[in-house]
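The chain is numbered in sequence order, starting from 1. All heavy atoms count here, side chains included; hydrogens, waters and symmetry mates do not.
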Amino acid sequence: MWLHDVPDILNVPAVGDAPAAYVPTEEATLDEVAFAEVAVARQASALNRVSAALNEIIKLARRQGAHGYDNAVAAALRELESGK
């Protein structure tokens with residue numbers, strides 16, 4: 001079942017003297033798959049940090065009663081300032 005999630009082409013980042021490359025998954029070495037996985041894991045981690053930051057803005061803004069078209073960042077800042 002998990003095979004349907006595997007891309008046809010791997011984006012293998014530059015490692016050492018080897019340049020970045022696009023490699024068909026069926027032809028990829030174990031190292032190429034591993035390096036591609038590390039790159040994807042880093043991207044996922046970065047996206048998780050962005051998601052957590054956006055969630056924090058939502059949480060802080062809602063504490064200030066923000067909703068709909070209210071400016072979320074302004075409301076979140078008000079919440080932070082009210083906690084001083």
*Compare every heavy atom of Pro13 with every heavy atom of Ala39, then report the nearest pair and how far apart it is.*
CB-CG, 4.0 Å
*Is the shortest heavy-atom distance from the side chain of Arg63 to the side chain of Ser82 under 4.5 Å?*
no
*Please report the closest heavy-atom contact between Thr25 and Pro7, naming both atoms and the distance.*
OG1-O, 2.5 Å
_Gap between atom CG of Asp70 and atom CZ of Arg62 - 0.5 Å precision_ = 10.5 Å
*Please determine if Glu81 and Arg78 form a salt bridge, counting it only when a charged side-chain N lies under 4.0 Å from a carboxylate O.*
no
*Side chains of Ile9 and Val23: closer than 4.5 Å at any heavy-atom pair?*
no
_Looking at Val73, is its backbone amide N or carbonyl O close enough to the side chain of Asn71 to form a donor-acceptor pair, meaning the two atoms are under 3.5 Å apart?_
yes
*Asp5 atom CG, neighbour heavy-atom count above 12 within 6.0 Å*: yes
*Heavy-atom pair with the smallest gap, counting every atom of Ala61 and Ala72*: CB-O, 3.5 Å
*How long is the gap from CD on Gln64 to NZ on Lys59, to the nearest 0.5 Å?*
13.5 Å
*Looking only at atom types and distance, does a side-chain atom of Glu27 sit under 3.5 Å from a main-chain N or O of Pro24, one as donor and one as acceptor?*
no
*Could you tell me the separation between the OH atom of Tyr22 and the CG atom of Asp8, rounded to the nearest 0.5 Å?*
14.5 Å
*Roughly how far, to the nearest 0.5 Å, is CG of Leu80 from CG of Leu60?*
5.0 Å
*First locate atom CD of Glu37, then atom CD of Glu32, and finally report the distance between them rounded to the nearest 0.5 Å.*
14.5 Å
